[in-house]
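Nothing here was measured: the structure is a model prediction, and the numbers come from that model. Values reported hereafter were calculated over all heavy atoms of this structure, with side chains retained and with hydrogens, waters and symmetry mates removed.
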Amino acid sequence: MPTLKENCDPNLPESLCIFANFCGYISNVIWFLVLLPQLIKNHRRKSTIGLSFIWASFNFCASLINLFFILNINVPLFTRISGWYMPILEAGMLLQFAAYSKVSLTRKVLLTLVSLVVYSTAIALEVTNALGEDTSSKLVWISIVLWSVETYFQVILNMKRRSVDGQSYISLGLAFMGKTTDVIMQFSLLMPTQYVYMTYFSSTMAYVNFIQLILYTKHRWYTIPAVAVLCLLLCVFVALLVLRTSVVSILCPIGVCVFVGAAFVLIRRQRKEGALPVADDHAL
């Protein structure tokens, strides 16, 4: 099974390599599907209320830049497939924002123009190798940053609204499973360091988003145990990150806690002062 023995770490058992590659293919299937329920939900309700435009825009821009990067490096087939497919779905999401968003026409046109300038600039830099032959390797760090922080803006919007009803629950469940398989794959195989850090940040925020789903829906007997287990897994992510990189990486979870904690405190203070509506449906 040569396709299940790609990018193996010689320091880890071969069976783990096979399992990690299998998880990579499972993850690829999940990412093929993850946005479809959200796109369908948006279409049915003719609205993007409860979704962060920044999340959608960052996601598309990151995928666009990443597409050029994976064309120049040795990565498993499932990573290449995902690299081509995801920008298409994410472009569809942006089109829905353009069609369904309730913001003023002037603001919508301005956001569209700014977005097109950013995307066109990224493509021009990649195509012309403006930063040298390793342009894609340099620019991919932008993708890493965007993917690392994209869900943060959705999490903050959910905090403001005290709800995740703008998101598809199916998409949230698929994202949770996809990030879990991503963690297994990225931390078990020999992958670019950029991807290892991106996996930590994006998976951590995806888990926080899933915790919001549990907390903001009707509480049941398993609510507290489920949240406790997810928090424990977040601690495991930290341990895996440090083992795969260096002890300096402990700064990553500290940064996540600081930013999420600060946002929570700020939103709570604004709500107490009456400066923030309980249901803020702003899509940006």
Side-chain angles (χ1 to χ4, degrees), residues 38 48-59 61-62 97 101-103 107 111 142 144-169 171-173 175-176 179-180 183 197-220 222-242 245 247-284:
Q38 186 67 61
T48 53
I49 287 177
L51 293 179
S52 167
F53 174 77
I54 298 177
W55 160 74
S57 184
F58 277 20
N59 211 355
C61 190
F97 270 95
S101 177
K102 303 302 182 183
V103 300
R107 190 173 185 180
L111 285 171
I142 297 177
I144 302 306
V145 173
L146 295 179
W147 268 327
S148 296
V149 303
E150 54 162 353
T151 308
Y152 174 80
F153 297 97
Q154 183 63 52
V155 166
I156 299 307
L157 181 60
N158 293 343
M159 285 184 185
K160 291 180 179 179
R161 302 179 72 246
R162 292 180 175 176
S163 172
V164 292
D165 61 3
Q167 296 181 271
S168 164
Y169 293 175
S171 288
L172 280 172
F176 171 76
K179 288 303 179 182
T180 301
V183 167
Y197 280 107
M198 181 271 292
T199 297
Y200 169 74
F201 282 112
S202 62
S203 299
T204 296
M205 294 312 303
Y207 267 54
V208 172
N209 197 185
F210 194 74
I211 290 174
Q212 288 184 319
L213 171 63
I214 298 173
L215 293 178
Y216 291 150
T217 52
K218 185 178 180 180
H219 283 206
R220 303 182 185 277
Y222 54 77
T223 297
I224 300 302
V227 171
V229 170
L230 291 174
C231 289
L232 178 61
L233 287 174
L234 288 175
C235 294
V236 173
F237 290 176
V238 175
L240 290 174
L241 177 66
V242 171
T245 54
V247 70
V248 178
S249 296
I250 196 67
L251 294 175
C252 295
I254 294 175
V256 171
C257 292
V258 168
F259 279 100
V260 174
F264 176 78
V265 171
L266 179 61
I267 291 171
R268 190 170 183 178
R269 180 181 301 172
Q270 290 177 335
R271 185 169 285 119
K272 284 184 177 180
E273 295 174 351
L276 183 71
V278 173
D280 182 4
D281 289 335
H282 202 286
L284 297 181

* Asked: Is a side-chain N or O of Q38 found less than 3.5 angstrom from the main chain of L172, in a donor-acceptor match?
  -> no
* Asked: Between N158 and Y216, what is the shortest heavy-atom contact and its length?
  -> O-CE1, 3.7 Å
* Asked: Does some side-chain heavy atom of V208 sit less than 4.5 Å from a side-chain heavy atom of V256?
  -> no
* Mind checking whether W147 and T199 have side chains closer than 4.5 Å, heavy atoms only? -> no
* To do: State, yes or no, whether a side-chain contact exists between L146 and N59 at a heavy-atom distance under 4.5 Å.
  => no
* Structure fact -> Output for pair (I142 CD1, C61 SG), nearest 0.5 Å, gives 7.0 Å
* To do: Indicate the atoms forming the closest heavy-atom contact of L157 with S52, along with that distance.
  => CD2-N, 3.7 Å
* Is the F97 ring parallel, tilted or perpendicular to the F53 ring (thresholds 30°, 60°)? -> perpendicular
* Asked: Do the side chains of M159 and L266 get nearer than 4.5 Å, heavy atoms only?
  -> no
* **Close side-chain approach of F201 and V149, heavy atoms under 4.5 Å** => no
* Structure fact -> In L241, V242, T245, T204, the residue satisfying side chain to side chain contact (heavy atoms under 4.5 Å, CB included) with C252 is L241
* Asked: About how many Å separate OG1 of T48 and NZ of K102, when rounded to the nearest 0.5 Å?
  -> 8.5 Å
* Within a radius of less than 6.0 Å around CZ of F259, do more than 12 heavy atoms belonging to other residues, nucleotides or ligands occur? -> no
* **Expected output: side-chain Q212 to main-chain V164 donor-acceptor under 3.5 Å** => no
* **Distance, nearest 0.5 Å, that separates CH2 of W55 from CZ of F153** => 13.5 Å
* Asked: When rounded to the nearest 0.5 angstrom, what distance separates CD in E150 from OG in S202?
  -> 7.5 Å
* Structure fact -> On a heavy-atom basis, the closest approach of I214 and A226 is CD1-CB, 4.0 Å
* To do: Look at the side chain of S57 and the backbone N and O of I54, then say whether any donor-acceptor pair between them is shorter than 3.5 Å.
  => no
* With rounding to the nearest 0.5 Å, note down the distance linking NE2 in H219 to CD1 in I224. => 6.5 Å
* **Nearest-0.5 Å distance that lies between atom CG in L233 and atom OG1 in T180** => 7.5 Å
* To do: Check step by step if side-chain contact (heavy atoms from CB on, under 4.5 Å) holds for Q167 and L213.
  => CA-CA 9 Å; Q167 296 181 271; L213 171 63; over 6 Å; no
* Asked: Within a strict 4.5 Å, meaning less than it, do heavy atoms of the N209 and M205 side chains meet?
  -> no
* **Contact check, side chains of S249 and Y197, non-hydrogen atoms, under 4.5 Å** => yes
* Is the number of heavy atoms from other residues, nucleotides or ligands within 6.0 Å of OH (Y169) greater than 12? -> yes
